Amino acid sequence: MVHVVEPRHSATLADYESIADLNGTVRSLRQEAESRLAGLDGRRLVMVNSTAQGGGVAEMLPALLALLRELGVDAHWLVMETQDHAFFRLTKHLHNLIHGMGDPNLGPDDRALYDRVSEENADAIEAFLSPGDVLVIHDPQPMGAGALLRDRADIAAIWRCHIGLDRETPQTRAAWDFLDPYATPYDHAIFTAPEYIPSCLAGRSTIIHPAIDPLSDKNRYLRVHELVGILANAALVKPWGPVTTPAFPEPAKRLQADGSWAPATEPEDFGLLFRPIVTQVSRWDRLKGFVPLMEGFVSLKLGLEARTDLDDQHQHALQLVRLVLAGPDPSSVDDDPEGKEVLAELCAAYDALPPHLQADIAMMSLPMSSKKNNALIVNALQLCSDVVAQNSIQEGFGLTVTEPMWKRAALMGSCAVGIRQQIRPDLDGLLVTDPEDPQEIAEALDTLLSDPVKRAAFGRSGRQRVHDNFLVFAQVKSWLELLTNTVAARWPRS
Ligand code: UDP
């Protein structure tokens, strides 16, 4: 089943242009578009992915499509949703294999299933296509359909892959062997990092980084009253006076000593507004490295008493610092048994800590029923954090790194590919080489917490890095370049 989705995005180019430090960027984007549009020849751009909601791709497409439209590109969005559970399981399996996980055995039945559903989807997508269109297919689910259409119709086809692993394993080999025949017809492919390009697409792939929208609720500037209002409305701070805005229908919750979840201001205000705060916000996924991050923080606190090397300010910061580990409300991940398992492991690790350490760590569950409120809460938490950690064992890119860098937080990241692409060590933050080594994590946190001047410098530099490379405007520019190059190669002018 395929349907058209209207990209809902309220900010216009003029809105971005009215922000002082974005003005030049938007003007240069307009100029770029002007010079590129002739090369597109009025052709339609048709993007296809497999979900209109949830996940990084659906999060990024509305702003990308809306900006391309405003710049004059005739851009459209189709969502291919399958009711076929076996196909869904197969594409999820392929997704995991590309990340190096799962059973590498794929058989003829899998191929037959993938081909059958791809045929059906190709027919459904074809009804929306016209000769001369540029079709952009996101990720493995619609890849087979796009390959069939490129063979059948007078179109150009680009495959955008949002996933990858930086090394070859039996799993990745199995996935790419399976996908190889569908890659062949495509004019071009796009990956997030050079390390992810498989040999079947080497030589005809481009890198485009994911990007954030600086006017989205997750990343926009919050004035102090709005920030404090959100924290109070979400039960992240206890207000000590009247609050103008009403409480969110669902509060952020904190894991309590008895294992229950209660509003995050229980059993006491956590100190988000006054204490040094280290935060990691992520899905409950083992690869996000939550457990070793907690262990690293605990090791930093436990080592405090024996230390003789600390000046007063540093010691005070280490005494006061608290850790927030936040992720989606567990009831919203009902269809994600792995997520539940990981959260249960983390809760057990928390439960095993002595009360004084439990008081210094907040396991937080963020409400997901309102996308807007969730985004505002993530924004507020990142803004309150002196250090934002992303201790991933593997990371495709990591918008949870881009978002706090934009907010001038100092970053503590791992060396996972996506994180290494963003954080320049000793410029925007620190990178730990082994995200499973609590001692190394403790040392990195200690260094960051010892020096507010260095943190501020990291914050400034990180913001500039995002400004120059990871805002939606850089993404749109790369797309314009790629689209015109693809059109020129596909339909050369005589
Ligand atoms: N996120 C969120 N609420 C949560 C946890 C995560 O909104 O409780 C967001 C986070 O802000 C980011 C996205 O989910 O925008 C995660 O993207 P990322 O690239 O970091 O990792 P992925 O989840 O795609 O592996």
Side-chain angles (χ1 to χ4, degrees), residues 49 51 53-63 95-96 98-101 138-139 161-165 192-193 196 209-214 216-220 230 234 236 248 250-255 261 264 279-290 324-333 336 338-339 342-343 346 362-383 385 388-407 409 411 413-414 416-423 466 470-472 475:
N49 80 318
T51 171
Q53 244 168 19
V57 182
E59 172 118 7
M60 271 183 307
L61 285 188
H95 181 105
N96 288 341
I98 293 177
H99 280 132
M101 291 174 302
H138 291 264
D139 284 335
C161 181
H162 294 268
I163 49 184
L165 188 70
T192 295
Y196 299 159
H209 296 298
I212 59 166
D213 171 2
S216 65
D217 286 319
K218 195 171 287 172
N219 296 305
R220 69 184 168 83
I230 292 162
L236 285 163
F248 291 166
E250 271 188 276
K253 292 187 181 145
R254 179 176 175 197
L255 183 67
W261 293 90
T279 298
Q280 176 165 304
V281 182
S282 279
R283 285 182 299 106
W284 306 115
D285 184 321
R286 208 162 276 122
L287 294 178
K288 300 295 181 185
F290 274 117
V324 174
L325 300 176
D329 174 0
S331 69
S332 75
V333 293
D336 178 10
E338 211 173 294
V342 173
L343 183 56
L346 248 176
M363 292 273 316
M364 284 199 191
S365 136
L366 309 184
M368 299 299 285
S369 50
S370 155
K371 199 169 172 247
K372 182 182 169 85
N373 291 350
N374 178 266
L376 290 171
I377 291 173
V378 172
N379 191 342
L381 277 176
Q382 289 171 339
L383 268 177
S385 307
V388 173
Q390 193 56 54
N391 188 49
S392 305
I393 293 151
Q394 254 178 50
E395 191 63 72
F397 184 71
L399 289 173
T400 46
V401 169
T402 333
E403 292 155 4
M405 273 170 86
W406 178 241
K407 298 173 185 100
L411 268 291
S414 68
V417 181
I419 298 178
R420 242 174 25 219
Q421 285 201 318
Q422 300 185 68
I423 303 174
V466 174
F470 309 128
L471 292 182
V472 65
Q475 202 184 33

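A quick note: this is a predicted structure, and the numbers were derived from the prediction, not measured. Both ligands and their constituent atoms are indexed starting at 1 by order of listing.
Contact residues of ligand 1 (protein heavy atom closer than 4.0 angstrom to a ligand atom; sorted by chain and number): K218, V281, S282, R283, K288, G327, P328, L366, N374, V378, E395, G398, L399, T400, E403.
Between the side chain of Q280 and the backbone N or O of K288, at least one donor-acceptor pair lies under 3.5 Å. With hydrogens and angles disregarded, a donor-acceptor distance shorter than 3.5 Å links the side chain of Y196 to the backbone of G396. Not a single donor-acceptor pair under 3.5 Å links the side chain of E403 to the backbone N or O of Q382.
Going from atom CG of L366 over to atom CG of N373 covers 11.5 Å, rounded to the nearest 0.5 Å.
By the 4.5 Å heavy-atom criterion applied to side chains, K253 and D329 are not counted as neighbours.
Aromatic ring orientation, F290 versus W284: tilted (interplanar angle from 30° to 60°).
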